[in-house]
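Structure first, commentary second.
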Amino acid sequence: MNRLYILIFICCSILSCEAQKTPVLGETDWQKEQNAQFKDASKSPLKDKDRKVFKGLDFFAFDSTYVVNADLKRTPNSEWFKMKTTTSRESEERIFGVLTFQLIGKTFSLNVYQGKELMNEDGFKDYLFLPFMDDTNGEQTYAGGRYIDLRIPEGNTLKIDFNKAYNPYCAYNEKYSCPIVPRENYLDVAVKAGVKVFKK
């Protein structure tokens with residue numbers, strides 16, 4: 001009889017532990033992926049003290065208004081230059097092209113960049129980097145601007161999903177070296193999409 005009680009106690013304990021596991025939060029698959037990464041000690045940019053109390057990033061609600069199709073004007077003869085970062089490191093980049101698109105009734109253009117070092121890494125040969133600033137910076141979003149990851153398209157159109165705009169890692173931990181958003185990549189509009197400012 002005692003053995004039965006022990007078995008019941010073990011089963012209840014296991015079920016209780018499983019019930020206490022916090023589900024990964026997020027409205028979209030991308031948001032859930034971001035939160036899972038931030039919880040993972042091997043991948044998270046968070047300091048240990050912040051990760052231990054981390055529940056989830058603060059996102060704007062998904063809004064299809066901020067998913068746009070952009071015309072890509074490639075700049076194959078652009079020169080490599082040293083992009084400044086938040087540390088003394090400089091990142092060797094070039095303007096891969098100019099993206100022109102409509103957002104909230106206005107036409108905007110942003111430079112999209114290609115990193116020299118990343119081109120030689122597995123999985124990043126076709127990687128493009130879109131840093132930008134907008135009118136939410138310093139209030140609703142990180143003061144230094146945000147980034148979007150893109151891939152080189154086959155044609156001359158590229159989808160930009162501002163719902164996937166994320167903060168540079170230095171927004172969470174000053175040990176990281178993050179490219180500074182070039183002045184020309186400022187959008188004169190409030191982009192209420194993507195990751196909000198991180199509040200410790």
Side-chain angles (χ1 to χ4, degrees), residues 30 33-34 37-38 42-47 57 66-103 106-138 141-191 193-198:
W30 183 82
E33 287 169 8
Q34 293 296 302
Q37 180 176 315
F38 273 67
S42 67
K43 298 177 182 178
S44 179
L46 295 173
K47 295 177 180 179
L57 294 170
Y66 294 100
V67 182
V68 299
N69 288 316
D71 292 325
L72 171 63
K73 184 179 179 181
R74 300 175 189 240
T75 52
N77 299 318
S78 60
E79 295 182 358
W80 295 99
F81 70 97
K82 301 288 187 181
M83 183 179 281
K84 292 183 178 180
T85 71
T86 52
T87 65
S88 59
R89 182 183 72 89
E90 292 182 323
S91 176
E92 197 162 6
E93 307 275 341
R94 76 179 186 96
I95 297 173
F96 180 85
V98 180
L99 294 169
T100 303
F101 54 92
Q102 293 277 328
L103 183 63
K106 295 182 180 179
T107 301
F108 296 101
S109 291
L110 291 174
N111 291 336
V112 63
Y113 299 88
Q114 185 174 40
K116 200 169 191 178
E117 288 183 15
L118 277 179
M119 288 174 65
N120 299 315
E121 291 188 19
D122 289 341
F124 287 92
K125 189 176 181 181
D126 64 343
Y127 175 79
L128 296 177
F129 170 56
L130 182 63
F132 72 97
M133 296 188 74
D134 69 274
D135 289 343
T136 65
N137 299 149
T141 62
Y142 178 59
R146 292 176 291 168
Y147 304 159
I148 295 176
D149 296 330
L150 298 172
R151 298 284 175 171
I152 297 173
E154 290 184 6
N156 293 316
T157 58
L158 209 159
K159 184 172 79 172
I160 306 173
D161 187 352
F162 286 97
N163 294 285
K164 295 182 178 180
Y166 63 92
N167 295 326
Y169 275 9
C170 51
Y172 309 99
N173 192 331
E174 62 277 0
K175 78 174 185 179
Y176 289 98
S177 176
C178 304
I180 295 172
V181 179
R183 289 182 180 179
E184 58 267 28
N185 268 30
Y186 164 69
L187 295 174
D188 185 19
V189 68
V191 180
V195 181
K196 293 184 180 182
V197 68
F198 178 63

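What you see is a predicted model, and the numbers here were worked out from it, not measured in a lab.
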Discussion item. A quick test of your reading: do over 12 heavy atoms of other residues, nucleotides or ligands sit less than 6.0 Å from CD of Glu79?
Written reply: no

Worksheet item: Does a side chain donor of either Thr85 or Ser177 reach within less than 3.5 Å of an acceptor in the other side chain?
Response: yes

Fill in: For Tyr127 against Gln114, the heavy-atom pair lying closest together
O-CG, 4.2 Å

Worksheet item: When rounded to the nearest 0.5 angstrom, what is the spacing between CG in Leu46 and CG in Asn173?
Response: 8.0 Å

Fill in: Check: Pro182 and Asn111 side chains under 4.5 Å, non-hydrogen atoms
no

Worksheet entry | Phe129 ring center within less than 6.0 Å of Tyr147 ring center | yes

Discussion item. Tell me if the NZ atom of Lys164 is crowded by more than 12 foreign heavy atoms within 6.0 Å.
Written reply: no

Worksheet item: CZ of Arg146 to OG1 of Thr141: how many Å apart, nearest 0.5 Å?
Response: 4.5 Å

Discussion item. With a 6.0 Å cut-off (strictly less than), is the heavy-atom count around CZ of Arg151, excluding the residue itself, greater than 12?
Written reply: yes

Worksheet, complete the sentence: Hits for side chain to side chain contact (heavy atoms under 4.5 Å, CB included) against Lys106, two or more places apart or cross-chain, chain-then-number order -> Phe108

Worksheet item: Quick check: are there more than 12 heavy atoms from other residues, nucleotides or ligands sitting under 6.0 Å from CD of Glu117?
Response: no

Discussion item. So, taking the atom named CG in Leu128 and the one named CD1 in Ile152, what distance separates them when rounded to the nearest 0.5 Å?
Written reply: 4.5 Å

Worksheet item: Side chains of Leu57 and Tyr172: does their closest heavy-atom pair fall under 4.5 Å?
Response: yes

Discussion item. Could you walk me through whether Leu150 and Leu99 satisfy the side chain to side chain contact (heavy atoms under 4.5 Å, CB included) test, starting with their C-alpha distance in whole Å, then the side-chain angles of each, then the deciding distance to 0.1 Å, before giving a yes or no?
Written reply: CA-CA 12 Å; Leu150 298 172; Leu99 294 169; 4.0 Å; yes

Item to complete: For Glu174, check side chain to side chain contact (heavy atoms under 4.5 Å, CB included) against everything at least two apart and list the hits.
Response: Lys47

Worksheet item: Looking at OG of Ser91 and NZ of Lys82, how far apart are the two atoms once the value is rounded to the nearest 0.5 Å?
Response: 8.5 Å

Fill in: Value rounded to 0.5 Å, distance of CD1 in Ile180 from OG1 in Thr86
6.5 Å

Worksheet item: Looking only at heavy atoms, which two atoms of Ala165 and Ile148 are closest? And how far apart?
Response: CA-CG1, 3.8 Å

Fill in: Over all atoms of both residues, closest heavy-atom pair of Asn137 and Ala143
CB-O, 3.8 Å

Discussion item. Which residues pass the side chain to side chain contact (heavy atoms under 4.5 Å, CB included) test with Val68, not counting sequence neighbours?
Written reply: Phe101, Leu103, Ile160, Phe162

